[in-house]
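Predicted model, so just to flag it, every value in this text is computed and none were measured. Here is how names work: the chains are called A, B, and so on, in the same order as the sequence lines, proteins then strands, and each is numbered from 1.
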Number of protein chains: 2
Amino acid sequence: MTSADVSDFRVSSLRSACTNCSLVQLCLPVSLSQSDVALLDDIVQRRRPLQRNDHLYREGDDFHAIYAVRSGALKTYTVSSGGEEQVTGFHLPGELVGLDAINTWRHPCSAEALETTSVCELPFERLEDLASEIPGLQRQLLRLMSREIFSDQEMLFAMARRTAEERLAILLLSLSDRFARRGLSATRFRLPMARSELGNYLGLAPETMSRLFRRFRDQGWLSAEGREVRLTDVEALHELAGRPPEDAAAVGQRDTGY
Amino acid sequence: MTSADVSDFRVSSLRSACTNCSLVQLCLPVSLSQSDVALLDDIVQRRRPLQRNDHLYREGDDFHAIYAVRSGALKTYTVSSGGEEQVTGFHLPGELVGLDAINTWRHPCSAEALETTSVCELPFERLEDLASEIPGLQRQLLRLMSREIFSDQEMLFAMARRTAEERLAILLLSLSDRFARRGLSATRFRLPMARSELGNYLGLAPETMSRLFRRFRDQGWLSAEGREVRLTDVEALHELAGRPPEDAAAVGQRDTGY
DNA sequence: CGACACTTTGACACGGCTCAACTAGTGTGG
DNA sequence: CCACACTAGTTGAGCCGTGTCAAAGTGTCG
């Protein structure tokens, strides 16, 4: 056994082994060579899992790292001056959080675990340094941030112009996509968040959410008990999500981006 | 005259001379040394000015550069499958556009001049290369994208939870800020966009915009004729923008980010 | 001057919010 | 082990803010 082997062994319990992580192609997709990923490995830190309602960071905290969700789920939210909570996003395994803090070096929102959740911590300064050395990594970072911008704008469009029904359809399809990308079922999944949190995110009252779910069930588009959801008519949901209301005759569908 | 001087002179007509541009601290704020800016200079290309309604790029175009607005104003927008236009942003001098295209190497939205507008073109691949060499530039890029993410999320919040009045107040204050940052008046400015475009951006019908402006005028919060606007009670607008409706007693105010 | 796009105003309809009451889980302490 | 509280979800009634439609007014540019 060489000394390199020993050192590798010693460190491996501390680091997250991106090399073996099935999510690496989600959180930092493609384009990194084996050896580049190994370099990344060295700066990634694991943290002990968060329990439900634990915070990964809070609004106003100093920013020093971005995080990749390994398992579980997070929500990010801000609190308005009135104490009212606004959910700004849900984050599933393979997705990054904290990108919005780079600008000010302070987290502009809080991140809270919706269930038992483990994350990888990527210390930002070291990530930056590494990105300077590995062009592919720099590019990935920029791409991911670009994607975030794009999907926020899609969402913005949805909030501005879509009815409650359409918003729910869009969200369900987005979740479906994101589950599928991890190799899970696109039609049966368990929502990690409460109805009221979904509603909050979509800008809808919890009562409206409840009525929507019933309407969707009555239409045969899904069956749901509690957080367990089964999409039974994905096509109909795409219909709803894909086109603005006054446009029911048109063809074509949009992807939710994420 | 040294040969360096000659060369400088020769090139200067082709390049945009970031060094002398009063906007450089806006479009790529601080942290770049004189010599770094000079390197940036070398990759920046000027283009001849766009006339009103000219497109800088169109949805679906191949992406090869991001752009900094030098003068004038742009709007970005997407067209839904029904042919309906959705404005996704307004872009004033010192602001960047095209960041949302990095992910897919295609522009997900169109960019159109609202008035005679000149821009600097920053070829993205060369910018990436340069960013690898100049850590400060890489950091700036990431910061700017982070800021974009943050402000999109703020906007999202606004669309989800704010009334029409509040949205208009937020937008007016945002514009006021952005004009002020360029050294223009924060209280008197000319809107580069039509009312209906403002409304489109805010997710409001043009008729609603019209009624809002009248209401704001009746309240003495502003005076406006055509696109010429004068904010006469900024405090009241902050009141509106800064806190959700049910919260009129609370103190504190939020910044619109941009 | 005429054409055309933008803005304003009014009347009306309706989606989604609010308020309120009830139900179903879920955990807690006596 | 049950009573109680507490939270999340459901359902109904009524209201209000905005969208929609229609039509008239106002620039503005060729």
Without hydrogens or angle criteria, can the side chains of A:Arg214 and A:Ser210 be said to hold a donor-acceptor pair below 3.5 Å?
-> no
State, with a plain yes or no, whether a side-chain heavy atom of B:Arg47 is found less than 4.5 Å away from one of B:Val119.
-> yes
Answer yes or no: does a side-chain N or O of B:Arg214 lie under 4.0 Å from OP1 or OP2 of C:dT9?
-> yes
Whole Å only: how far is the CE atom of A:Met193 from the C1' atom of D:dG9?
-> 16 Å
For the pair made of CG in A:Leu204 and P in C:dT18, what is the distance, rounded to whole Å?
-> 11 Å
For the pair made of CG in A:Leu212 and C1' in D:dG9, what is the distance, rounded to whole Å?
-> 14 Å
Among the nucleotides D:dC21, C:dC17, D:dA8, whichever has the atom closest to the side chain of B:Glu207 is D:dC21
Atom pair distance, as rounded to whole Å: CG in A:Leu202 and P in C:dG15 | 18 Å
Separation of B:Leu168 atom CG from D:dG17 atom C1', in whole Å?
-> 15 Å
Among C:dT7, D:dG9, C:dC17, which is the nearest nucleotide to the side chain of A:Thr208?
-> C:dC17
What integer distance in Å separates B:Glu225:CD from D:dG25:P?
-> 21 Å
Closest to side chain of B:Thr163, choosing from C:dC17, D:dT20, D:dT18 | D:dT18
What does A:Gly203 touch in the nucleic acid at a heavy-atom separation under 4.0 angstrom: a base, only the sugar-phosphate, or nothing?
-> sugar-phosphate
Gap between atoms CZ and P, on B:Arg52 and C:dA5 respectively (whole Å) = 12 Å
Gap between atoms CE and C1', on A:Met209 and C:dT18 respectively (whole Å) | 17 Å
A:Ser196 has its side chain closest, among D:dG9, C:dC17, C:dT7, to D:dG9
B:Arg182, CZ atom: more than 12 neighbouring heavy atoms under 6.0 Å = yes
With the side chain defined as heavy atoms from C-beta on, A:Ala164 is closest, among D:dA13, D:dG19, C:dG16, to C:dG16
B:Phe213 six-ring centre to B:Arg195 NZ/CZ under 6.0 Å and within 45° of normal | yes
A:Ser223 side chain to A:Thr232 side chain, donor-acceptor N/O pair below 3.5 angstrom = no
Side-chain contact check for A:Arg217: nearest option of C:dG16, D:dG12, D:dT10 is D:dT10
Check every atom of C:dC17, D:dT18, C:dG10 against the side chain of A:Arg211 and return the nucleotide holding the closest atom.
-> C:dC17
